[in-house]
Structure formats: C-alpha cells, structure tokens
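These figures come from a predicted structure and were not determined experimentally.
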Amino acid sequence: MPELPEVQSVVNYFKPLLLNETIHSVNHLNDYPKVFETHTTSELNKHVSNKKITRIWRRGKYIILNLSNGHLCIHLRMTGQLQVGSSLNDNTKHFTALINLKNKSKIYFKDYRKFGRIYFFKNLDILNYKLGPEPFDPSFNYKYLKNNLNKSRGMIKPKLLNQKFIAGLGNIYVDEVLWKCRVHPITRCDKISAIKIKRLLSAIPEILQKSIDFNGTTIINFSPGNKTKGEFAKYLNIFGKQNQHCSHCKTIIKKIFVSQRGTHFCPKCQKY
DNA sequence: GAAAGTGTTGAAAG
DNA sequence: TCTTTCAACACTTT
C-alpha cells in the first residue's frame, strides 16, 4: 500500500543489491502472467535477460530499473512487496513474479491482491505522460499549483490523489497534508486561498521527506521473516485517527468518505 | 455467514 | 474536457 515515501524506501533498500547487477531472467509465478503488463513472459525475457541494471530510482510510485535497452518498471499498487530470497515460512501462493540475477540472488514480487504490475518500456514517455511533476522537483512550484487549482472545480482531495496533477501522493499523505495545511478535503480547488496554496506547496514535500527519513509508514518486507516497518506511523496526525483527539485543538477527528476514499479530518482545524 | 472495508489505478460513464 | 464511479483481487473486520 505504498505511496511515494514507501516506494522511495524500497528503492533505497534495493539500490546496493541491484545496482550494476545483471538480470538472468524473470518469471511469473502462481500461474499469474498478468503481472507482466506490457509483454508476455517470454517476450519480456528477450528484452531483459543478460542486461545490467545501471540505475535504480523512483518516478511517482513506480520503481524503475534502467537497463541498456530500456526500463523495467515495477508498480506495487495496493499490496505489492519486494523480497530478497525466500524461506520455508513464506506463503508462496501470493508470489506473482521473480527476478533472477546472474549472481544467483532472487527478488520475489509478493502481492496478495495481485494489483501490482511489472512493465518494460523502451523509454519513459508513457510514464512522463501519465505523471505530473515530482513533489521535490522545481517544476512543482507556486505558479504550477496556483494555475492548476484555479482552473479546477473539483475537490482538493481527489485532485491531490490525481497522479497526473502531482506524482506520488496517496490516501495517507493527502490526509496528512490537508490537516497540516488546515484545508478541508472537500474544498473546491478554485476556492483555495493563496496562503493555503503556499502552505500546500511547502507541506507536501516536507511531509513526504520526513516520512522518507523514517522509511515510510507501512510495513515493507525486504527479506523473508524480516518485517521491516516504516517508522513514520508514529508521526501520523490524522490518518487512521478517527474518534481520537486532534493533536492541535483536541477536537474529535472525523472519518468521512470523499470520492470513495476513507478521509480523516479535524472539523475544527479544517473548516469548510 | 454475508457484507463492507483496504493504503491504487485506469477505463468507463456521466 | 473534466469529474465521478467502478472493477481489478483477496483477505480482514464488522
């Protein structure tokens, strides 16, 4: 259930294990060829086998492995996890794919809801078309935010969840950002004041960076039996805190649904 | 035991 | 064109 900070944490963890290593082959597991979105398993192997991983990085919520002839991209969606190796304790029925490296190490893609996908792209035009600016990129600036919000009549929460508007935010961090900025999640984008736009501009990278510093919020399995847990969960102020007291004003936090997503907010801090 | 809920995304419908 | 709804899936909670 990874958002930008969780994906970045995965990238950080795997960088030393994958960088400059060569892919031997990839397999789909448990009779789930759909895990490879862009190619059949045999076609994908023709592209990636014997290719060296020259860079591992993140764009939005995609993990990207640069190869000499293209990019192997992994999207974890709701429940995807990457795991180094396997043990007898593993429930392998949720493994959907396997990356075999020349050095014999095995990276498993574990995904109990099976929404996660692996893609191979010659270039990243498709991703760049689908994804808006990175929250840490200079192109995500006041002018971009103001211009886009001013012409949107929809609600701010779904806007921030829209990856084409800004890449990387998901349900947890949108709730956290809106709480910090004191913006009600159903506020119309074009009704947000300049001061609140400025708050959004600084809170978005700030909250994401802080979460990255703590390896994200949610549990991420990097190796079998080792349930690596993001430590940012301790610093959440609003997400999952319904019926608890707002840390700012002590009002009881409410949970509502906004465009079908569970949404937490403080009725006093985030007036509509 | 049935139904709703879960951190994502894109296709389809409005 | 823009915004909302729903399905893809499997497991847990109500």
task = Give a yes/no on whether any side-chain N or O of A:K114 is located under 4.0 angstrom from OP1 or OP2 of B:dT9.
result = no
inquiry  = Measuring from the side chain of A:M78 (C-beta onward, heavy atoms only), which nucleotide among B:dT8, B:dG10, C:dC9 has the closest atom?
reply    = B:dT8
Length of the CD-P vector between A:Q81 and C:dC11, whole Å = 14 Å
query = Which nucleotide in the set C:dT4, B:dT6, B:dT8 lies at the smallest distance from any side-chain heavy atom of A:E3?
reply = B:dT8
inquiry  = Among B:dT6, B:dT8, C:dC9, which nucleotide has an atom closest to any side-chain atom of A:F257?
reply    = B:dT6
query = Between C:dC9 and B:dG1, how far is it from one P atom to the other, in whole Å?
reply = 26 Å
task = Could you check how far CD of A:Q163 sits from C1' of B:dA11, rounded to whole Å?
result = 16 Å
task = Please state how far atom CZ in A:F95 lies from atom C1' in C:dA10, giving the value in whole angstrom units.
result = 16 Å
query = Within the structure, does a side-chain N or O atom of A:K130 lie under 4.0 Å from either OP1 or OP2 of B:dG10?
reply = yes
inquiry  = Can you tell me if A:K159 touches the phosphate of C:dC2, counting only side-chain N or O atoms and a distance under 4.0 Å to OP1 or OP2?
reply    = no
Separation of atom CG in A:N30 from atom P in C:dA10, rounded to whole Å = 10 Å
request  = Check each of A:Q270, A:M155, A:R261 against A:P185 using the side-chain contact (heavy atoms from CB on, under 4.5 Å) test, and report the only one that passes.
outcome  = A:Q270
request  = For A:K255 and C:dT13, give me the distance from atom NZ to atom P, rounded to whole Å.
outcome  = 14 Å
message = Once you apply a heavy-atom cut-off of 4.0 Å, does A:K164 come out as touching a base, just sugar-phosphate, or nothing?
response = nothing
Sole candidate of A:I99, A:T92, A:L29 that passes side-chain contact (heavy atoms from CB on, under 4.5 Å) when paired with A:Y108 = A:L29
message = Is the phosphate of C:dT3 approached by A:K151 (side-chain N or O, under 4.0 Å from OP1 or OP2)?
response = no
query = Is it true that A:K61 and A:E6 have a side-chain N and a carboxylate O under 4.0 angstrom from each other?
reply = no
ask   = Under 4.0 Å between a side-chain N or O of A:Q260 and OP1 or OP2 of C:dT4?
value = no
message = For a quick check of understanding: with a heavy-atom distance under 4.0 Å over all strands, which category does A:S152 fall into, base, sugar-phosphate or nothing?
response = sugar-phosphate
key: Six-ring centre of A:F95, A:K110 cation under 6.0 angstrom, axis tolerance 45°   = no
key: Per A:Y112 side chain, nearest of listed nucleotides B:dG5, C:dT4, C:dC11   = C:dC11
ask   = How many Å lie between NZ on A:K110 and P on C:dC11, as a whole number?
value = 13 Å
task = Report the nucleotide, chosen from C:dC6, C:dT3, B:dT9, that has the shortest atom-to-atom distance to any side-chain atom of A:R261.
result = B:dT9
inquiry  = Between P on C:dT12 and CG on A:N91, what's the gap in Å once rounded to a whole number?
reply    = 10 Å
message = Is the phosphate of B:dT9 approached by A:H75 (side-chain N or O, under 4.0 Å from OP1 or OP2)?
response = yes
inquiry  = Can you tell me the base-pairing partner of B:dT8? Count Watson-Crick or G-U wobble geometry only, both distances below 3.5 Å, and say none if there is no partner.
reply    = C:dA8
key: Selection from C:dC11, C:dC9, C:dT4 that lies nearest to any side-chain heavy atom of A:M155   = C:dT4
query = Can we say A:E134 and A:R59 salt-bridge, meaning some charged N sits less than 4.0 Å from an Asp/Glu carboxylate O?
reply = yes
message = My understanding is that a pair needs two contacts under 3.5 Å, Watson-Crick or G-U wobble. By that rule, which nucleotide pairs with C:dT13?
response = B:dA3
inquiry  = Here's a test for you: under side-chain contact (heavy atoms from CB on, under 4.5 Å), which of A:R117, A:K34, A:K114 qualifies with A:T96?
reply    = A:K114
inquiry  = On the side chain of A:R153, is there an atom forming a donor-acceptor pair with the base of C:dT3 - under 3.5 Å, no angle test?
reply    = no
query = A:Y173 near the nucleic acid: base, sugar-phosphate alone, or nothing, with a heavy-atom cut-off under 4.0 Å?
reply = nothing
Value rounded to 0.5 Å, distance of OG1 in A:T41 from NE2 in A:H28 = 4.5 Å
ask   = Rounded to whole angstroms, how far apart are CD on A:E6 and P on B:dT6?
value = 17 Å
ask   = Between B:dT8 and A:K61, is there an OP1 or OP2 to side-chain N/O distance shorter than 4.0 Å?
value = yes
task = Answer yes or no: does a side-chain N or O of A:H94 lie under 4.0 Å from OP1 or OP2 of C:dC9?
result = no
